[in-house]
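Right, one structure below, let's go through it.
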Number of protein chains: 2
Amino acid sequence: MHSSSNCADCNCKVSIFKNLTPLELALINSSRFQVSYKAGEIIFKQGTPSPYFVCVTSGLAKIYIEGYGKNLILALIKPVDYIFGPGIYVDNRHYYSASAVEDCQACLVDVTVFKKLIRENPDFAEEFIKRVSLQSIFNFDQVISLTQKQMHGRIADVIFYLCDKIYCQNPFELTISRQDLADLSGMSKESAIRILKEFKEEGILTLSGNTLEVLNPKQLRQISETG
Amino acid sequence: MHSSSNCADCNCKVSIFKNLTPLELALINSSRFQVSYKAGEIIFKQGTPSPYFVCVTSGLAKIYIEGYGKNLILALIKPVDYIFGPGIYVDNRHYYSASAVEDCQACLVDVTVFKKLIRENPDFAEEFIKRVSLQSIFNFDQVISLTQKQMHGRIADVIFYLCDKIYCQNPFELTISRQDLADLSGMSKESAIRILKEFKEEGILTLSGNTLEVLNPKQLRQISETG
DNA sequence: TGAAAAAATTGCTTTATATCAATTTATTAT
DNA sequence: ATAATAAATTGATATAAAGCAATTTTTTCA
């Protein structure tokens with residue numbers, strides 16, 4: 001949304017940077033550059049080297065694993081959040097791909113600078129570990145949903161994720177495709193569509209065009225919990 | 001296996017401790033105590049407070065998420081490896097349970113000591129982040145196997161995991177139950193048993209008593225890859 | 001604006017996998 | 001050693017979910 005010539009003044013700073021000193025922010029700023037991505041464009045590909053910490057400052061991106069014939073979306077990334085995979089401390093390769101779902105702007109920061117600050121600032125390191133841990137907990141929930149719930153429960157979970165964590169409003173404008181919805185919930189797009197239709201018919205939600213409104217969150221929660 | 005009165009001399013040290021100074025090891029040692037678990041005993045339960053870094057020095061343990069009616073085993077933990085969940089940097093709660101599969105011995109270390117060392121020793125912190133990252137990459141592989149492969153491929157993956165990562169020999173003595181096998185591969189125990197039987201009939205492996213030998217790793221790899 | 005391409009939708013069919021029930025084998029405790 | 005209990009195995013049945021094909025709607029682009 002808003003860009004700045006300086007990280008110190010930037011109002012699009014990721015919260016993980018909150019413990020950095022002005023000097024440290026200046027270091028980040030000096031290695032930083034801005035990039036724009038059109039909807040659909042690849043930000044990086046699974047398997048390629050991973051030289052940047054990617055901070056999404058506008059739009060919406062997805063990170064996804066390219067599996068056996070289909071994709072699994074691990075998360076949607078909205079402003080102001082970052083993309084920073086586990087490969088950076090292992091072999092400097094990406095273990096998932098990222099692409100822009102809506103037009104995006106991002107700031108890229110050199111990973112060596114990032115790693116240097118992790119070593120030098122314990123508060124920053126601790127905050128980073130905390131964020132990695134939260135991500136891990138989120139992944140646990142996700143894997144349980146994907147492996148132990150039936151399709152209705154999985155779609156319910158994805159709708160709550162979109163409503164509560166991504167678009168943060170109800171009704172909301174669905175900017176991701178049905179295929180993305182399927183890749184988030186680990187099913188075929190046909191199945192995802194059918195279940196949305198059922199939910200409409202049962203009055204749990206409305207979906208006209210791409211505007212989705214959850215009408216009966218209690219029932220949807222019930223569906224999520226009974227699997 | 002071997003215990004010691006002092007972490008500095010211990011031959012059961014987890015590799016993550018390699019960057020600690022003698023003084024730091026002494027600090028760990030001072031807060032450490034040893035515990036024995038019989039096969040089947042719970043080490044800790046999902047949802048409970050998480051005050052210890054658990055280092056498994058003998059036997060075999062499992063960490064598993066208690067989901068909707070069934071469990072998902074995230075990993076088996078063998079000597080010398082540690083159990084240290086993401087809750088420690090979040091809300092000090094366990095996000096998975098742990099129990100002994102074989103009789104186990106473990107050293108428990110106070111998490112506050114662990115966290116203190118993470119702040120004070122950047123090499124240790126970096127090594128820890130690296131280990132967390134490796135864990136995360138392993139989980140990615142696991143979730144793709146669980147969500148995108150059919151049962152044969154998932155069982156193949158679990159057999160490779162057991163053979164290459166846990167028992168580290170072929171043939172090996174299967175010390176986990178069929179239910180554990182099912183909880184590792186996200187299916188019912190009946191299905192797991194049926195697929196093992198098929199693999200036997202096709203000459204891919206032998207399984208007499210609980211001794212499993214992979215006879216045709218190439219074909220098993222093929223099955224793993226074609227899903 | 002209109003044609004072409006892509007995305008979404010729907011019905012039908014097939015299949016992978018769970019569930020249930022019964023039986024056998026192995027383990028534990030008296 | 002033997003009964004009691006738990007684990008493993010097997011077969012039969014039910015069903016959740018994918019795949020396929022056809023159609024409609026939406027989007028893109030010349």
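Just so it is clear, the values below take in all heavy atoms, side chains as well, and ignore hydrogens, waters and symmetry mates. Naming convention: chains lettered A, B, ... in sequence-line order (proteins, then strands); numbering from 1 in each chain.
If you measure from atom CD1 of B:Ile195 to atom P of D:dA8, you get 16 Å, rounded to the nearest angstrom. One can place NZ of B:Lys197 at 18 Å from P of C:dT17, the figure rounded to the nearest angstrom. The CD1-P distance, from B:Ile176 to C:dA26, rounds to 18 Å in whole Å. Rounded to an integer number of Å, the gap from CG of B:Leu196 to P of C:dT17 is 15 Å. Here the P atom of nucleotide D:dA8 and the CD atom of B:Gln179 are 8 Å apart, to the nearest Å. Across the protein-nucleic acid pair, B:Glu198 atom CD and D:dG11 atom C1' stand 14 Å apart, rounded to whole Å. For A:Leu174 and D:dT26, the CG to C1' distance is 15 Å, given to the nearest whole Å. When the C1' atom of C:dT9 is taken as reference, atom CZ of A:Arg194 falls 9 Å away, rounded to whole Å.
Proximity of the aromatic rings of A:Tyr96 and A:Tyr64 is defined here by a centroid distance below 6.0 angstrom, and this criterion is not met.
No donor-acceptor contact under 3.5 Å links the side chain of B:Arg178 to the base of C:dT25.
Using a 4.0 Å cutoff on non-hydrogen atoms, no part of residues 180-189 of chain A comes near DNA chain C. The stretch residues 145-162 of chain B comes close to DNA chain C through B:Gln150, B:Met151, B:Arg154, each having a heavy atom under 4.0 Å from the strand.
Contact annotation: A:Ser191 side-chain N/O to D:dA18 OP1/OP2 distance is under 4.0 Å.
In this structure, A:Arg131 pairs ionically with A:Asp81, as a charged nitrogen and a carboxylate oxygen lie closer than 4.0 Å. In summary, A:Lys45 and A:Glu66 engage in a salt bridge, as defined by a charged side-chain N under 4.0 Å from a carboxylate O.
When each of C:dA8, D:dT10, C:dG11 is scored by its nearest atom to the side-chain atoms of A:Ile193, the top-ranked nucleotide is C:dA8.
Using the six-membered ring where Trp is involved, A:Phe199 and A:His152 have ring planes that are tilted, between 30° and 60° apart. Between A:Tyr161 and A:Phe138, the two ring planes are tilted [angle within 30° to 60°]. Aromatic ring orientation, B:Tyr89 versus B:Phe84: perpendicular (interplanar angle above 60°, classes split at 30° and 60°).
For B:Gln219 (side chain) and B:Asn216 (main-chain N/O), no donor-acceptor pair under 3.5 Å exists by modelled atom type.
In this structure the side chain of A:Phe44 reaches within 4.5 angstrom of the side chain of A:Ile83, judged on heavy atoms.
Of the residues B:Arg221, B:Lys149, B:Gln142, the one that meets the side chain to side chain donor-acceptor pair (under 3.5 Å) test with B:Asp157 is B:Lys149.
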